Amino acid sequence: VELGPTVPQRLAKDVYISVKTTRKYHAQRLGDILDTWFLLAPENVYFFTDSTDSAIDQATGGHLIQTNCASTHSRQALNCKMNAELEHFLDSGRSWMCHFDDDNYVNVPQLIRMLGNYDPRRDWYLGRPSTRGPIDIVDPQGEPAKKVKFWFATGGAGFCLSKSLVTKMAPYVRDGKFVALGDKIRLPDDVTLGYLIEHLLDKRLIVVDKLHSHLESMRLVRLDQLHEQISLSAGSYNDQKKNVVAVPQLFTDAEDPQHFRSLHCFLFPKSRICAGRSPL
Ligand code: UDP
Ligand code: MN
C-alpha cells in the first residue's frame, strides 16, 4: 500500500479486507474495484463469492474465495458469506478484519490510518450504524421472552473488527455457527453481528462517521472533505438512478458506471488509469 509518511507501514500487512460479492456482480461491479481501490492494496483484499471465475481469480492474484454459499440475496446466503469471511480472517493470523460490500469504494490508506488509532489486542467493533440508536428486539434466546437492546454497524458502509474481538467471537462463528445464530434470530448478517458483539459479548460499537453506505446520498459528501472519508458507496438511494459522489467525471457512464474511476482519480490523480484524462 502506498501510504505516505503519516501511516504506520507495519499495520498495512495486518489488515484483512473482505468484500462480499456474488456471481452476477463479478462483471457488473468487480471491474470497478479491480481498476481502482484494489490496486492500493492487492495483498489485503479478498473477495467472497458463490461461484468459480478464473478470470477474476487471476486478476485478484488468487484472492477470489468460493464459499459454497447460495447465490441469492437471502438472509441465509448472506450469513453464510459473513461466516466464511470471519473464518478466513481467523485463519489469516492478521490483526484487523474489515468487511465491505462490492458497491463500496474504499480509501485504503485512510482506513489503515484510522485503524492506527486502535490497538488490535483489545476488543474493537468499528462501524457506522444506520439507526439513531440501539434497536430493541425480543430475544429469541431469552426464556422467558425478554427484550434485548443492541446497536449494529451497517454492512454496506463497511466495518472493522479487531483480532482480539473476532477471537472472542470464534465460538459463535466456527463450523458454520454464525449461520445457525442468524437462523435463530432471523435477522440480516450485519444485525446478527451486532447481536453477537453487543449483546452476547457485551462490547460496544464505536461509531466511525467516515464510513458511508448508500443509505446516504453520496452527493451530500462535500468534495473538500472527500479525502478524509474511508468508504463510499454507489448503490441506489431513494430510487435515485445514480447515487454517486459529485466528483468531476473523467470517464463516460458506460466506462465508469459507478463513477469509481473518477472518484479514484480525484483522490489519487497519479494512478495509471487517470493519465491523460480531463473532465468530460
Ligand atoms: N449479494 C450477494 N448475493 C446476492 C445479492 C447480493 O452476496 O444474491 C451481495 C452483493 O454482492 C453486495 C451485498 O450483498 O456485496 C449487498 O447487495 P446489493 O448491493 O445488491 O443490495 P443492497 O442490500 O445493498 O440493496
Ligand atoms: Mn448495495
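Each residue takes its place number in the sequence, starting with 1. These numbers were taken from a predicted model, which means no experiment stands behind them. Order of listing sets the numbers, starting from 1, for every ligand and every atom in it.
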Should [X] and [Y] count as an ion pair when the cut-off is N to O under 4.0 Å?
X	Y	value
D102	K20	no
E255	R261	no
R23	D50	no

So which protein heavy atom does [atom] come closest to, and at what separation?
atom	result
atom 20 (O) of ligand 1	Y25 OH, 2.9 Å
atom 25 (O) of ligand 1	H214 CE1, 3.8 Å
atom 10 (C) of ligand 1	D102 OD1, 3.6 Å
atom 14 (O) of ligand 1	K20 CE, 3.4 Å
atom 18 (P) of ligand 1	R29 NH1, 3.8 Å

* What atom name does the N, O or S atom of D103 nearest to the Mn ion (ligand 2) carry? -> OD2
* **Of the listed options Q28, H73, H99, closest to atom 17 (O) of ligand 1 (non-hydrogen atoms)** => H73
* Determine, considering heavy atoms only, which of D101, L78, D103 sits nearest to atom 19 (O) of ligand 1. => D103
Look at the rings of [X] and [Y] and say which category their plane angle falls in: under 30° parallel, 30 to 60° tilted, over 60° perpendicular.
X	Y	answer
Y195	F150	perpendicular
F48	H88	perpendicular
H99	F159	parallel

* Sub-4.5 Å side-chain heavy-atom contact between I135 and I137 -> yes
* Is ligand 1 less than 4.0 angstrom away from at least one heavy atom of K24? -> no
* Pair Y16 and Y46, ring centroids less than 6.0 Å apart -> yes
* Can you find an N or O of T72 that's nearer than 3.5 Å to an N or O of ligand 1? -> yes
* Asked: Backbone or side chain, does any N or O of K81 fall under 3.5 Å from an N or O of ligand 1?
  -> yes
